[in-house]
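The chains referred to below are lettered A, B, ... by the order of the sequence lines, with proteins before strands, and numbering in each begins at 1. No hydrogens, no waters, no symmetry mates; every other heavy atom, side chains included, goes into these values.
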Number of protein chains: 2
Amino acid sequence: MRVLGVDPGLTRCGLGVVDGRGRKLSCVAVGVARSPVDDDLALRLRSVAEVVEDWMDTHRPEVVAIERVFSQHNVRTVMGTAQVSGVVALAAARRDLPVAFHTPSEVKAAISGSGRADKKQVTAMVTRILGLAAAPKPADAADALALAVCHLWRAPMAERLAAAEAKAAELARNHRARLQAAQRSARNGGRP
Amino acid sequence: MRVLGVDPGLTRCGLGVVDGRGRKLSCVAVGVARSPVDDDLALRLRSVAEVVEDWMDTHRPEVVAIERVFSQHNVRTVMGTAQVSGVVALAAARRDLPVAFHTPSEVKAAISGSGRADKKQVTAMVTRILGLAAAPKPADAADALALAVCHLWRAPMAERLAAAEAKAAELARNHRARLQAAQRSARNGGRP
């Protein structure tokens, strides 16, 4: 499966494409989409969208994994980040690509085993996992690769979880049906 | 000037088109773009974007005025709202339409004279200003019209302010130039 990871941002939007089968992962492309700080917001969104759409059309990912934005930091920055994530999700939907959102702590936990790993640790782990000759720069680019890796490692787990939940629901349904049949049978004096 | 006002939202995105010359304003169209609550976020953004783009292409506004999102309320809702506002701004930029953002209190102040007017007051004022037979519903639709009215009333003011600031800067430049010339002349013992 090929995943495009996106670390949304107006000034630097991290982009990373990773191919994966099980634990065998390889980096296809990594970089950032930038927009001029002095441009109007709408033009900045357009600049970033153009690069992201170009990456989608060039690298043809099967899934887009975007970092879920929280509003815990600077309000102004967060709004721009959320707007970029909306523009990226729209571009994916228009190409019929499924979109998954992962929180920063999910990504850190998947990559390093700890939800509190710092940026340096995440970059070091991504470099090692993907067997890169050098650490990807800037940090936003490394984060985008980490998102893609996180999605590749979490997706099978999420699918197994969904399958297990579906199985449990089926068992519960069957159990209720048998229980009701037994109750009916008891009310009818033992006749089925 | 024709303005498309947008009150961004995932469940209901208010849309209102207003034509205006000075204080003579008329409502061209008003409504909402909706998206199914159970759909994935990316699909919801696509649903809303399709309606908004259709309005832009049908009503051909010259400007798009969007409510500026603040993260003071429910974080989850605010993120969706910010994502919709990003998608709307992108659609405008792709049509070379200028985009203006107005805060809720700017809109209330422009419409009712008070930054603290409640939704009911804003709806009542919009209905009166645009000479509508009935109050526009839902509130998101009325808010979108209020945004368009706010933009039409604020834009000339903003332009006059910008012109006044440019004039003041020019006067200051001229003054500094004359001052330097006088200083040079004084240093040269009165010769120019």
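- Heavy atoms of Val99(B) lying under 4.5 Å from chain A belong exclusively to its side chain.
- Top candidate by heavy-atom pairs under 4.5 Å with chain A, chosen from Pro98(B), Ala89(B), Ala93(B), is Ala93(B).
- Heavy atoms of Ala49(A) lying under 4.5 Å from chain B belong to its backbone as well as its side chain.
- If you take CG on Asp96(A) and CD on Glu62(A), they are separated by 14.0 Å, rounding to the nearest 0.5 Å.
- Rounding to the nearest 0.5 angstrom, the gap separating the CG atom in Asp118(A) from the OG atom in Ser112(A) is 9.0 Å.
- Residue Ile66(A): no heavy atom, backbone or side chain, is found under 4.5 Å from chain B.
- In this structure, Gln83(B) CD and Thr81(A) OG1 are separated by 10.5 Å, a value rounded to the nearest 0.5 Å.
- Leu45(A) is connected to Leu41(B) through a chain of hydrophobic side-chain contacts under 4.5 Å among Ile, Leu, Val, Met, Phe, Trp and Tyr, so both are in one cluster.
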